[in-house]
Number of protein chains: 2
Amino acid sequence: LPSRDFLETRIEDYIISSEKVAHVQLGNSAEHALLVLTKTGYSAVPVLDLKYRFCGLINAQRITESILGMNHIEYERLPEIRVEDIMQTDLPLIKINDRFQRALDLLINQNFLCVVDDDGMFMGILTRRVILKQLKKQIYQ
Amino acid sequence: LPSRDFLETRIEDYIISSEKVAHVQLGNSAEHALLVLTKTGYSAVPVLDLKYRFCGLINAQRITESILGMNHIEYERLPEIRVEDIMQTDLPLIKINDRFQRALDLLINQNFLCVVDDDGMFMGILTRRVILKQLKKQIYQ
Ligand SMILES: Nc1ncnc2c1ncn2[C@@H]1O[C@@H]2COP(=O)(O)O[C@H]3[C@@H](O)[C@H](n4cnc5c(N)ncnc54)O[C@@H]3COP(=O)(O)O[C@H]2[C@H]1O
Ligand SMILES: Nc1ncnc2c1ncn2[C@@H]1O[C@@H]2COP(=O)(O)O[C@H]3[C@@H](O)[C@H](n4cnc5c(N)ncnc54)O[C@@H]3COP(=O)(O)O[C@H]2[C@H]1O
């Protein structure tokens with residue numbers, strides 16, 4: 001049964017590490033980001049800089065919202081909008097040595113959490129799927 | 001601590017009822033669906049028929065995928081594509097008298113579950129957020 005000990009578990013073993021995480025880079029266009037989201041099938045992905053530091057999150061909603069003109073959706077502008085102009089940046093981040101307790105609190109309001117080190121380097125993500133699997137496992141033990 | 005009794009809880013009190021759920025209707029265009037997704041900010045919403053029966057799910061990925069041409073994204077085709085042509089239909093559904101155990105199992109792989117009655121009428125949704133809040137509450141009790 002998920003006990004409070006379970007909440008003390010380190011998140012480290014449960015993160016999807018950065019090389020497995022689909023992402024876009026600072027400087028990429030909104031059109032490129034839309035293609036990445038469409039081809040990977042993820043509803044949101046991280047935006048990283050050239051040094052692989054975490055910068056923000058991009059999703060299709062922010063892309064479409066940026067081109068909603070008065071009378072029509074201005075698709076022709078997608079190549080000229082950069083992800084840094086429209087990404088979400090006010091996000092809670094977690095560290096590799098954080099515990100499940102903090103992750104659970106934050107995953108109530110987020111689909112996934114980005115994990116960074118002390119220099120802001122992107123380490124990976126912790127998803128709701130992973131935490132739900134662990135919670136289920138705890139109940140059945 | 002979430003016990004197996006907790007898993008026997010009925011989902012009924014936890015669903016977001018249908019009148020609060022953003023959705024689109026059979027016959028709507030992909031363009032209309034994209035506007036609904038963009039304005040509500042949800043990454044996926046249900047598709048209902050005129051009798052409010054559940055038909056499928058639509059998201060931005062399926063919309064964009066449907067217009068990925070050889071050389072460019074064919075936005076001009078959006079008004080002529082209908083949601084029924086592109087929605088996801090192979091989905092697990094839950095009933096109003098189902099228990100948390102079933103919901104937890106399914107929410108490991110889905111962001112949310114659509115709740116229907118025996119006639120397929122859409123009753124509402126059960127989200128990962130709601131189940132995570134309940135699991136957290138159980139741990140702290
Ligand atoms: N290719 C696939 N294969 C199998 N199942 C899939 C899948 N794509 C999505 N799902 C399922 O759908 C859920 C929602 O995905 P979504 O893309 O909205 O939201 C995702 C996405 O925005 C992000 N994410 C997950 N894995 C990622 C990755 N490898 N790269 C980039 N972003 C990822 O984290 C969110 C939550 O993911 P989570 O796993 O909790 O929950 C996922 C997972 O249960
Ligand atoms: N307007 C808002 N205000 C506050 N928080 C918000 C929000 N929009 C999204 N969120 C947060 O982001 C999570 C992911 O939302 P998403 O739109 O990808 O995925 C959503 C969406 O596809 C669907 N959904 C939730 N509420 C809905 C509603 N009222 N109408 C239609 N679809 C809904 O269920 C999925 C999971 O929702 P869940 O609540 O577990 O998880 C939500 C919630 O924690």
Side-chain angles (χ1 to χ4, degrees), chain A residues 1-8 30-45 59-68 72-79 88 100-101 103-112 127-141, chain B residues 1-8 30-45 59-68 72-79 88 100-101 103-112 127-141:
Chain A
L1 317 172
S3 63
R4 293 180 200 195
D5 291 343
F6 165 74
L7 293 178
E8 290 302 306
E31 182 176 53
H32 174 80
L34 188 60
L35 288 171
V36 170
L37 291 167
T38 305
K39 292 186 184 201
T40 60
Y42 294 118
S43 64
V45 298
N59 62 9
Q61 194 252 352
R62 287 177 165 261
I63 293 169
T64 310
E65 197 168 51
S66 71
I67 54 168
L68 280 187
H72 67 278
I73 308 178
E74 298 170 355
Y75 296 107
E76 65 282 0
R77 293 182 43 227
L78 280 180
Q88 182 185 359
F100 263 32
Q101 177 164 345
L104 176 57
D105 284 346
L106 294 174
L107 285 170
I108 282 169
N109 291 314
Q110 308 276 131
N111 272 336
F112 67 105
T127 62
R128 276 173 165 175
R129 180 175 191 275
V130 156
I131 212 146
L132 284 166
K133 281 182 80 170
Q134 291 310 307
L135 286 162
K136 176 184 170 181
K137 204 169 159 188
Q138 283 283 316
I139 295 177
Y140 283 100
Q141 273 170 1
Chain B
L1 317 172
S3 61
R4 293 182 199 194
D5 290 342
F6 165 74
L7 293 179
E8 289 303 305
E31 182 175 55
H32 173 79
L34 187 60
L35 288 170
V36 170
L37 291 167
T38 305
K39 293 186 183 201
T40 60
Y42 294 118
S43 64
V45 298
N59 63 9
Q61 195 251 353
R62 286 176 165 262
I63 293 168
T64 311
E65 197 167 49
S66 72
I67 54 168
L68 278 188
H72 67 279
I73 308 178
E74 298 169 357
Y75 296 108
E76 64 280 1
R77 293 183 43 227
L78 280 180
Q88 182 185 359
F100 263 31
Q101 176 161 347
L104 176 57
D105 284 345
L106 295 173
L107 286 169
I108 282 168
N109 291 314
Q110 309 277 131
N111 272 336
F112 67 104
T127 62
R128 276 172 164 175
R129 180 174 190 275
V130 156
I131 212 145
L132 283 166
K133 281 184 80 170
Q134 291 311 308
L135 286 163
K136 176 182 170 181
K137 203 169 158 189
Q138 282 284 317
I139 295 177
Y140 283 98
Q141 272 170 0

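Sequence lines set the chain letters: A, B, ... in the order given, protein chains first and strands last, and positions in each chain run from 1. Scope of the values below: all heavy atoms of this structure, side chains included, with no hydrogens, waters or symmetry mates.
- With rounding to the nearest 0.5 Å, the separation of CG in L132(A) from CG in L132(B) is 4.5 Å.
- In this structure, CG in L135(B) is found 12.0 Å from NZ in K136(A), a value given to the nearest 0.5 Å.
- Of the atoms belonging to I63(A), not a single heavy atom falls under 4.5 Å from chain B.
- Counting heavy-atom pairs closer than 4.5 Å to chain A, the top residue among L107(B), I131(B), N109(B), V130(B) is N109(B).
- In this structure, CD1 on I73(B) lies 5.0 Å from CD on E31(A), to the nearest 0.5 angstrom.
- With 3.5 Å as the limit, one finds no donor-acceptor pair spanning the side chains of E74(A) and Y75(B).
- For S43(B), the part lying near chain A is the side chain, with the backbone staying farther off; criterion is any non-hydrogen pair under 4.5 Å.
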Which donor-acceptor pairs under 3.5 Å do side chains of residues 32-39 of chain B form with protein atoms, sequence neighbours excluded?
from	atom 1	to	atom 2	distance (Å)
T38(B)	OG1	L34(B)	O	2.7

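- The ring pair (Phe, Tyr, Trp, His ring centres under 6.0 Å) test applied to Y42(B) returns no partner, not counting sequence neighbours.
- Taking CD of Q110(A) as the reference point, atom CZ of R128(B) lies at 13.5 Å (rounded to 0.5 Å).
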